[in-house]
Undergrad: 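Before anything else, here's the structure in question.
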Amino acid sequence: MNWWSQQAHDSAAEAQAARPSPESQMAVAQITALLSMAEALHKIAEMMQERKEGTN
């Protein structure tokens, strides 16, 4: 997990703890989904960079 991902997860958990509600639960779920997509895109970008460097 990247530092930015961990920080976002921590912030979402703190917000949920501070104000538990269905809306904040939905927000945490949305943040988690977005972070999963961001991490996947980050991994794809790393693989593409490695492949590019390997061909040079």
Undergrad: In Å and rounded to the nearest 0.5 Å, what is the CG to CE distance from L35 to M37?
TA: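 The CG atom of L35 sits 9.0 Å away from the CE atom of M37.
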
Undergrad: Looking at Q16 and Q25, what are the two nearest heavy atoms and their distance?
TA: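 Heavy atoms of Q16 and Q25 come nearest at OE1-N, 3.1 Å.
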
Undergrad: Rounded at 0.5 Å granularity, tell me how far CD in Q30 sits from CE in M26.
TA: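 Interatomic distance, Q30 CD to M26 CE, rounded to 0.5 Å: 6.0 Å.
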
Undergrad: S24 and R19: which non-hydrogen atoms are nearest, and at how many Å?
TA: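 Closest approach of S24 to R19, heavy atoms only: OG-O, 2.9 Å.
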
